[in-house]
Amino acid sequence: MYTYDAFDETFVTERVAQFRDQVARRLSGELTEDQFRPLRLMNGLYLQLHAYMLRVAIPYGTLTSIQLRRLAHIARRYDKGYGHFTTRQNIQYNWPALKDTPDILADLAEVGMHAIQTSGNCIRNVTADQFAGAAAGEIEDPRIWAEIIRQWSTLHPEFSFLPRKFKIAVTASPNDRAAIAVHDIGLKMVRDQHGEVGFTVYVGGGMGRTPFIGKEIRAFLPKAHLLSYLEAVLRVYNQHGRRDNMFKSRIKILVHEIGADAFRERVETEWAAIKDGPVELPAEELARIAEQFAPPAFETLAAVAPEFEMRRFEDRAFARWARANLFPHRQPGYAIVNLSLKPEGEPPGDASAEQMDAVADLADRFGFGDIRVTHEQNLVLPHVRQKDLYELWQALLPLGLATPNIGTVTDIIACPGLDYCSLANARSINVAEDITRRFSDLDRAHDLGELKIKISGCINACGHHHVGHIGILGVDKKGEEHYQITLGGDATETASIGEIVGPAFSAARIVDAVETVVTTYVGHRAPGERFLDTYRRIGMKPFKDSLYATH
Amino acid sequence: MAPQMVTANRLADGVVVYLAADGRWRERCADGHVVDDRASAAQLLATAEAAVATCDVVGPYLIDVVPGDGGPRPQRYREQIRAAGPSIRTDLGKQAEGY
Amino acid sequence: MPLIKDGEVVADVWMHAGDEGPLPPDQPVTVPLARWQRERASLLARSAPLGIRLTSDQLAPEIGADAGHFAVIVLVFPSFRDGRPYSTARLLRERYGFRGELRASGDVLRDQLLFMQRCGIDAFDIADKAATAEAWRQAMAEISVFYQPASDQRVPVTRLRHRARAAE
């Protein structure tokens, strides 16, 4: 894990002082709200439906136990005892007072954290595979590059007033868990035919009003040139991205309007001029950052721990949890453990201060103090010995963190929706809660296999509905909440944008409609076939027919 | 014209507030001053803008309200949630304080 | 609008001319890009210094090759949210070698000054009438650690760290 050095500490401390001064100038009236808004947004502070909302950056979703305890402390001291983990692997607090935010940022700075660039028209928190450093088949730890990008983009003087926000994701596994296809820039680590490591670069993906899958603009970028290439992409976007219409100002529109080939040409021309220039990362700095992501001191263990096998055999509930929530680790005898933040009938992604403290303790006890946040709004202990899994599971049960539902119909992504968000048209959390109640039978949920439901309360798509196998979009119809269903979305390496199935359903009917979709799938699936694959095979029509059948 | 009142967020802590007849900002929607003609609405908004200038509140705007048992309440769904608190956490927000 | 240059409030000696109309023979003037393009020869024939004003959509390549003709290039920020002039400034400095005064004008606010200065802007026509040299110095001093190279002379931490190590 990256640990701040004296330079980083000085920087975040100065940044807190700067924001303290900006808040003081706002409270005194020296700054108008119009002038203050971009400043507070660059420190992750929004004004939402009920109150301010502070979004704290969790770069590439990696936390130490010390940091997680500090997040719990902030929830207790300055907020209402909980936080909400987001689809950008960040955490949001829903009730902070403006006058307290400099103190919150000061508390964060003490543990090497901040809220910089979690909002605003700048380069946002860089996301990465939550299983980085643990999953098999990874080319390099993608967090090395995410951290390099984080630092390069921090208060970038040229790119802090872009046409619109800008999101970058990095993955180094063949299985894309970072949704790179729906990012402004998606970076996939690859090896070329000579074994050299670099990136395939995708640009112009995104969701929102006009969803696009990112276009490949470079098949292989040697990793040493990452920063010059990113600078070239951002410079082309900063100069040519649309600024006349907020809904057309993301890079995806520029790429779409001029075409991927023309965009690539502009980037290559710009890149040729700055390649090998001062922006390239010095080799010794790459080495300094890389060494901080060295693997922890794993023990040499047998591939399978007999204790683990025995417990799985004896305890059906444990076996169920192990099947759903564990992921294979590259190190023999270890497992990657997903802690579900999707218990039945609760807001997806919310965690109480007590849960955060407890997870921090468990991470210290069982997992090198390492915690990850997933873009699907769960937590992960990436390095747990198999022989400790039963004890860990027993500790997670009373905390409400052992729901065995990862990747299933109840592991729902949902944005805060109209319960918190001033942009939303409809609520989303209640829909998620109702779906988890409807599918609360664990055997049924497991029988349904991998099924990703993603819910957004408005077209901004924070709940990633476009890439849900079943996507749900809240719309306002004459002052009433309605929900539109999309089918066939996918955020992984086989990414696709979901298709709208038909007219929206009322709040009273949406859960029934989801169940109808699921039942239709069950009626058509081949043995072992996932929902997404059935949909891709049979198409929209059977679903449409069952959803809109006249009774 | 539908009856209206002015709402905003308090600058220092972000709490949702409503402009009362005495020119003060109250946390309960029911305490807000209701007007039902355009001139009074404009007047109310002007009062609110003055409170923006003095850094008391931010982002004031008019909302439609309807009469209720406990006084006026917002007409639109969004404003009802804003006046009460999150519908999925009734232990939080103004609803938790008995508003 | 106070003009701050080299850390001090200074008088603006430049006349900012419109798209047409007579120019004073001996005073430094700035003209909009269109006028430069139209009256290039007569503008170059004047004896007094010449400057140009670029709106935010007029990008560096439009005058890059001519940059040497200008003593001042004014980059107009129509709104502080319009970030195009930051790229224009860097390109004029780093690619086209412009060494004259690069002036920010328009919606120029204290909290953007450091970004502007890092992109090579060295004169600031600040929107706040009450802006002082002291406020400018504070804005420059708020942050001392920089994570990327730009058009200024500050050494980014990516290099500083290793200087510090080498010196250990």
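Residue numbering restarts at 1 for every chain, and letters A, B, ... go by the order of the sequence lines.
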Original post:
Is it the case that more than 12 heavy atoms not belonging to A:E480 sit under 6.0 Å from its CD atom?
Top reply: no
Original post:
Can you name the nearest heavy-atom pair linking A:S28 to B:C55, along with the distance?
Top reply: C-SG, 4.0 Å
Original post:
What part of B:V16 lies closer than 4.5 angstrom to a heavy atom of chain A: side chain, backbone, both or neither?
Top reply: both
Original post:
Is a side-chain donor or acceptor of B:R82 paired with a backbone partner of A:H50 at a separation under 3.5 angstrom?
Top reply: no
Subject >> Test item: A:K80 and B:D91 side chains (from C-beta on) under 4.5 Å apart, heavy atoms >> reply: no
Original post:
How long is the gap from CG on B:D13 to OG1 on A:T101, to the nearest 0.5 Å?
Top reply: 11.5 Å
Original post:
When heavy-atom pairs shorter than 4.5 Å are enumerated against chain B, which of A:M53, A:E433, A:E346 gives the highest number?
Top reply: A:E433
Original post:
Which region of A:Y46, side chain (C-beta onward) or backbone (N, CA, C, O), has a non-hydrogen atom less than 4.5 Å from a non-hydrogen atom of chain B, or is it both or neither?
Top reply: neither
Subject >> B:I81 CD1 to A:C421 SG distance, which is reported to the nearest 0.5 Å >> reply: 11.0 Å
**OP:** Please determine, by modelled atom types, if A:R427 and B:Y77 share a side-chain donor-acceptor pair under 3.5 angstrom.
**Re:** yes
Subject >> B:R78 (side chain) donor-acceptor with A:S422 (main chain) under 3.5 angstrom >> reply: yes
Original post:
Does any heavy atom of chain A fall under 4.5 Å from the side chain of B:R89, the backbone, both, or neither of them?
Top reply: side chain
**OP:** Would you check if B:N9 and A:Q48 make a side-chain contact, meaning some heavy-atom pair closer than 4.5 Å?
**Re:** no
Original post:
Any idea which of B:G93, B:G85, B:S87, B:G59 has the most non-hydrogen atom pairs under 4.5 angstrom with chain A?
Top reply: B:S87
Subject >> Inter-residue atom distance A:Y420.OH - B:L92.CG, 0.5 Å rounding >> reply: 5.5 Å
Original post:
Can you tell me how far CZ of A:F36 sits from CG of B:L11, rounded to the nearest 0.5 angstrom?
Top reply: 8.0 Å
Original post:
Is there side-chain contact between B:V15 and A:W95, with at least one heavy-atom pair below 4.5 Å?
Top reply: no
Original post:
Where on A:P96 is there a heavy atom nearer than 4.5 Å to chain B: the side chain, the backbone, both, or neither?
Top reply: backbone
Subject >> Other residues, nucleotides, ligands: >12 heavy atoms within 6.0 Å of B:R24 CZ >> reply: no
Original post:
So, do A:R26 and B:V58 sit near enough that their side-chain heavy atoms are less than 4.5 Å apart?
Top reply: yes
**OP:** Check whether A:L418 gets within reach of chain B through its side chain, its backbone, both or neither, counting any heavy atom under 4.5 Å.
**Re:** both
Subject >> Minimum heavy-atom distance A:P347-B:I88, with the two atoms named >> reply: CG-CD1, 4.2 Å
